[in-house]
Amino acid sequence: GLLGPDNSARHGWHDIFAGRWEEGFKKQALGRRIWIWGAHGTFPVEACWDGISPFAADHVYLIGEGGVGDQFMTFGMANALAERTKKKVVFVVRSELFAIAKRSIESANVTVVREVPPNPSAPWVAGLEFGKMIPEGRPPFPVGSYLKPDPERVAKWKPILAAKIKGKSAGLRWSGDPNHELEPSRALPLQDVVNFAKAKPDVTFVPIYAEFEKVEMPKAENIVSLGEPIKDWEDSLAILSLLDSVVSSCTSVAHASAALGKKTWVMNPIWPYYTWAQQDEPSYWYGDHAQVLRQKKYRDWRTPFAELKEKF
């Protein structure tokens with residue numbers, strides 16, 4: 001349209017924010033066609049299933065794409081896609097999440113694979129476009145509580161956390177990928193994080209950062225170091241599963257926590273990622289497990305922190 005394909009794709013976020021769910025996702029789908037985002041190279045665009053047309057193949061591919069959080073969200077779509085199509089679903093996931101996906105969602109109707117066979121003949125559905133198939137504005141799949149942590153990792157971290165936690169516990173993540181385009185607007189000021197922690201002295205806060213992430217730690221007595229490095233997502237999921245709740249401005253940790261069924265407080269910038277763009281509650285993706293707290297002014301976190309202090 002008048003916006004051009006690039007801006008039209010990005011404008012889809014605004015439509016979702018305004019409650020125009022189907023229109024927003026249709027615009028956002030343009031992003032794949034002009035290579036802003038999405039999986040490319042293996043599947044022809046014309047083979048992307050429109051959610052309506054019948055097809056002869058006995059299976060359909062579901063492509064996990066985008067960041068880790070996007071892929072965790074896509075996990076929840078696999079069985080719903082099998083039910084909708086009455087076909088078997090082959091879920092293609094990035095290697096680092098393969099074991100998590102197999103443990104969490106593989107079933108008689110869903111097979112998890114790392115790679116797609118050469119020249120796939122079945123249609124495919126992109127994880128980042130799934131929303132355009134939901135004209136009612138509500139995903140037809142169970143929300144939350146579908147990720148399953150590794151029992152061995154849970155057993156490893158349980159005594160470590162028990163030694164550190166007094167009273168209630170909450171995961172804490174105040175920044176995300178430093179290379180993401182939204183990072184400057186979603187990183188929380190450390191002093192605001194400290195003030196919030198001090199306002200909740202009966203809660204032990206556990207930072208959720210991998211050992212390779214170099215971040216400055218907020219200093220408060222109830223923000224604790226675990227003393228053991230978090231090496232990967234298996235460690236992160238195990239730790240999150242043992243906590244009571246999570247506060248995060250990072251989408252990947254927020255998705256992981258909510259998909260584990262944990263109460264998750266998502267600190268959302270005024271320019272939100274599309275999955276948190278909705279205005280109403282509960283969350284489209286996670287129901288009551290995810291509570292979104294929104295900025296009212298750019299880089300001004302006073303309102304969401306005030307809400308967090310009141311509701312947490």
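Side chains included, hydrogens not; waters and symmetry mates left out as well; all remaining heavy atoms used. Count residues from 1 along the sequence.
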Are side-chain heavy atoms of [X] and [Y] found at a separation under 4.5 Å?
{"X": "His255", "Y": "Tyr286", "value": "yes"}
{"X": "Val125", "Y": "Ile63", "value": "no"}
{"X": "Tyr146", "Y": "Ser104", "value": "no"}
{"X": "Arg173", "Y": "Pro207", "value": "no"}
{"X": "Trp124", "Y": "Leu62", "value": "no"}
{"X": "Phe91", "Y": "Glu106", "value": "no"}
{"X": "Tyr61", "Y": "Trp49", "value": "no"}
{"X": "His59", "Y": "Val90", "value": "yes"}

Below 6.0 angstrom between ring centroids: does that apply to [X] and [Y]?
{"X": "Phe72", "Y": "Trp285", "answer": "no"}
{"X": "Phe305", "Y": "Trp265", "answer": "no"}
{"X": "Phe196", "Y": "Phe205", "answer": "yes"}

**Item:** Geometric cation-pi criterion, Lys214 with Tyr209: 6.0 Å, 45°
**Value:** no

Please report the interatomic distance [atom1]([X]) to [atom2]([Y]), rounded to the nearest 0.5 Å.
{"X": "Gln295", "Y": "Thr303", "atom1": "CD", "atom2": "OG1", "result": "9.0 Å"}
{"X": "Thr111", "Y": "Lys102", "atom1": "OG1", "atom2": "NZ", "result": "7.5 Å"}
{"X": "Gln291", "Y": "Lys311", "atom1": "CD", "atom2": "NZ", "result": "5.0 Å"}
{"X": "Leu188", "Y": "Ser175", "atom1": "CG", "atom2": "OG", "result": "8.0 Å"}
{"X": "Lys164", "Y": "Leu226", "atom1": "NZ", "atom2": "CG", "result": "7.0 Å"}
{"X": "Lys156", "Y": "Ile160", "atom1": "NZ", "atom2": "CD1", "result": "6.0 Å"}

**Item:** Carboxylate-amine/guanidinium contact Arg153 Asp232, below 4.0 Å
**Value:** yes

**Item:** Side-chain ion pair, Arg103 and Glu234, N-O less than 4.0 Å
**Value:** yes

Would one find more than 12 heavy atoms of other residues, nucleotides or ligands at under 6.0 Å from atom [atom1] of [X]?
{"X": "Lys88", "atom1": "NZ", "answer": "no"}
{"X": "Arg302", "atom1": "CZ", "answer": "no"}
{"X": "Lys148", "atom1": "NZ", "answer": "no"}

Donor-acceptor pair, [X] side chain versus [Y] backbone, under 3.5 Å?
{"X": "Ser249", "Y": "Arg186", "answer": "yes"}
{"X": "Lys158", "Y": "Leu242", "answer": "no"}
{"X": "Lys263", "Y": "Asp288", "answer": "yes"}
{"X": "Asn268", "Y": "Trp276", "answer": "yes"}
{"X": "Glu213", "Y": "Ala210", "answer": "yes"}
{"X": "Ser169", "Y": "Leu243", "answer": "no"}
{"X": "Lys87", "Y": "Ala57", "answer": "yes"}
{"X": "Arg299", "Y": "Pro269", "answer": "no"}
{"X": "Asn109", "Y": "Ala82", "answer": "no"}
{"X": "Ser248", "Y": "Val266", "answer": "no"}

**Pair Ser245-Lys262, side-chain contact (heavy atoms from CB on, under 4.5 Å): steps then yes or no** = CA-CA 6 Å; Ser245 61; Lys262 296 295 177 177; 5.9 Å; no

**Asked** Met217 and Val194: same hydrophobic cluster, using ILVMFWY side-chain contacts below 4.5 Å?
**Response**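 In one cluster with Met217: Val194, no.
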
Write down the atom of [X], the atom of [Y], and the distance for their closest heavy-atom approach.
{"X": "Trp174", "Y": "Val215", "result": "CZ2-CG2, 4.1 Å"}
{"X": "Lys198", "Y": "Pro201", "result": "O-CD, 3.5 Å"}
{"X": "Ala256", "Y": "Leu237", "result": "CB-CD2, 3.8 Å"}
{"X": "Ile230", "Y": "Ile208", "result": "CD1-CA, 4.3 Å"}
{"X": "Ala78", "Y": "Val89", "result": "O-CG2, 3.7 Å"}
{"X": "Ala187", "Y": "Trp301", "result": "O-NE1, 3.7 Å"}

**Working for side-chain contact (heavy atoms from CB on, under 4.5 Å), residues Trp157 and Glu228** = CA-CA 9 Å; Trp157 285 102; Glu228 291 280 342; 3.6 Å; yes

**Message:** One pair to check against side chain to side chain donor-acceptor pair (under 3.5 Å): Glu83 and Asn79. What are the steps and the verdict?
**Reply:** CA-CA 6 Å; Glu83 183 176 341; Asn79 281 295; over 6 Å; no

**Prompt:** After noting the C-alpha distance and the side-chain angles of Leu147 and Ile100, does the key distance pass the side-chain contact (heavy atoms from CB on, under 4.5 Å) rule?
**Reply:** CA-CA 8 Å; Leu147 279 188; Ile100 300 171; 4.1 Å; yes

**Asked** Please walk me through it: do Lys296 and Ile270 pass side-chain contact (heavy atoms from CB on, under 4.5 Å)?
**Response** CA-CA 6 Å; Lys296 304 301 182 186; Ile270 199 167; 6.0 Å; no

